[in-house]
Amino acid sequence: MDTGIPQFLVDEQRAGALLLAALAEDVVFHHPLLIESVRGREHAIRFWAELDGLAGPVVFTHEFRGDGVSVLAWRATFKRIFQGVNIASWTNGRITELRQLLRPLPVVKPLRDALKARLVDRLPATLWELPPGIDKTPPPFDPDEIVDAKLPLPTTEDITFHSPVFSRHAAGEALVKRVIGHAAAIYGGRTYGPRLMAGPQALTQWAGRVAGLPIHAANLSTFDERGRMRELSLFMGPLPTVELFFDQLRPRLETFLDRSYFVEYE
């Protein structure tokens with residue numbers, strides 16, 4: 001299907017620059033590290049330049065295109081490898097909305113600290129934090145509660161899950177569904193966007209809420225020959241809400257996961 005959107009990975013070395021060149025002047029940039037979006041292409045360009053300076057080179061790995069939307073998935077290294085997705089909404093050949101989501105939290109937190117020091121002159125300090133008055137108390141739960149992952153597609157028995165908050169992956173259908181089920185108990189019902197396909201991979205956006213705040217996510221799934229999900233990478237943002245999500249989720253997970261999943265990186 002011809003979506004009218006450029007195919008960026010035809011020129012993989014310049015994909016990031018081509019994406020930024022297509023930004024509208026008043027693009028809404030859903031910054032991965034800020035609690036609120038900012039308007040204006042200069043914010044996205046400055047962020048990408050600072051990111052490339054700290055963690056480059058950025059290597060693009062997947063591209064998805066749909067009706068009015070395109071997604072570039074990538075990886076970079078800030079002490080350790082981390083991953084991101086750039087989700088662009090298009091109108092009349094220009095990007096009018098850009099959302100960036102990152103994973104995993106143990107790398108993104110020190111990356112945030114480094115980027116904040118570089119961007120402090122352009123962005124108010126309040127944008128880096130949760131709004132005042134948010135209840136950060138983890139909700140009560142029953143350790144024996146039966147949870148439902150509510151995954152929309154079948155999975156393989158040996159599925160691998162690359163969490164947005166763990167320092168290592170989870171493997172095996174029972175464990176992965178248990179982890180996602182407890183996560184779903186925190187962020188509640190999900191509102192899904194369209195599924196974009198590229199070969200055996202799919203990219204799906206969704207949104208939930210944590211303590212009343214919106215949390216946005218993207219599932220990058222890989223399927224086997226029978227259409228079962230065999231690998232899932234989950235990206236989330238914005239970071240202040242993701243940190244709150246993890247703080248509320250961790251007490252649940254510590255009842256059955258060992259400490260190796262929760263390692264903090266300096």
Side-chain angles (χ1 to χ4, degrees), residues 1-53 55-76 83-103 115 119 122-124 127 152 190-209 213-221 233-239 241:
M1 178 180 67
D2 184 5
T3 64
I5 297 172
Q7 189 172 350
F8 291 105
L9 291 194
V10 169
D11 191 348
E12 201 169 317
Q13 297 300 315
R14 297 179 60 236
L18 294 171
L19 183 79
L20 295 179
L23 294 173
E25 286 295 333
D26 62 346
V27 63
V28 176
F29 179 35
H30 300 286
H31 197 296
L33 307 177
L34 305 181
I35 193 63
E36 296 180 8
S37 60
V38 290
R39 186 178 291 271
R41 69 192 305 266
E42 70 276 7
H43 290 295
I45 291 172
R46 173 75 182 274
F47 173 78
W48 195 256
E50 298 293 356
L51 179 72
D52 189 62
V58 172
V59 178
F60 293 93
T61 57
H62 301 82
E63 181 175 12
F64 303 88
R65 294 184 296 161
D67 186 12
V69 64
S70 65
V71 180
L72 285 175
W74 49 270
R75 69 174 183 269
Q83 297 172 292
V85 291
N86 292 351
I87 304 168
S89 299
W90 293 76
T91 304
N92 298 325
R94 307 297 289 178
I95 297 172
T96 54
E97 187 173 0
L98 179 65
R99 184 180 303 279
Q100 189 172 84
L101 305 171
L102 304 174
R103 64 159 305 277
L115 283 168
L119 297 171
R122 299 296 299 274
L123 296 166
L127 292 181
R190 285 162 277 191
T191 302
Y192 282 91
R195 182 181 301 144
L196 307 179
M197 299 296 301
Q201 276 87 34
L203 192 288
T204 307
Q205 295 184 69
W206 57 267
R209 301 191 76 83
L213 297 172
I215 192 165
H216 293 268
N219 292 346
L220 176 57
S221 309
S233 296
L234 179 55
F235 304 79
M236 276 186 164
L239 180 60
T241 311

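Every value quoted in this text rests on a predicted model; they were computed, and no experiment measured them.
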Say you draw a straight line from [atom1] of [X] to [atom2] of [Y]; how long is it, rounded to the nearest 0.5 Å?
X    : Y    : atom1 : atom2 : answer
E36  : L123 : CD    : CG    : 11.5 Å
L33  : F47  : CG    : CZ    : 5.0 Å
H31  : H43  : NE2   : NE2   : 9.0 Å
W206 : H216 : CH2   : NE2   : 10.5 Å

Discussion item. Given 3.5 Å as the limit, does a donor-acceptor pair link the side chain of R65 with the main chain of I5, or not?
Written reply: yes
Item to complete: Taking T61 for its side chain and A73 for its backbone only, find out whether a donor-acceptor pair lies under 3.5 Å.
Response: yes
Worksheet item: Only one of W48, F8, F235 clears ring-ring contact (aromatic ring centres under 6.0 Å, His included) with W74; which?
Response: W48
How close do [X] and [Y] get, counting heavy atoms only, and between which atoms?
X   : Y    : value
V38 : L127 : CG1-CD1, 4.1 Å
L9  : A15  : CD2-CB, 4.0 Å
V69 : L196 : CG1-CD1, 3.9 Å
L19 : L98  : CD2-CD1, 4.4 Å

Discussion item. Counting only heavy atoms not in D26 (residues, nucleotides, ligands), do more than 12 fall under 6.0 Å from its CG?
Written reply: yes
Practice prompt. Kindly assign one of parallel, tilted or perpendicular to the pair H62 and F64, based on the angle between their ring planes and the thresholds 30° and 60°.
Written response: parallel
Fill in: CA sep, side-chain torsions, deciding dist, call: R39, V28, side chain to side chain contact (heavy atoms under 4.5 Å, CB included)
CA-CA 5 Å; R39 186 178 291 271; V28 176; 3.4 Å; yes
Fill in: side chain to side chain contact (heavy atoms under 4.5 Å, CB included) between H30 and E97, intermediate numbers included
CA-CA 8 Å; H30 300 286; E97 187 173 0; 2.6 Å; yes
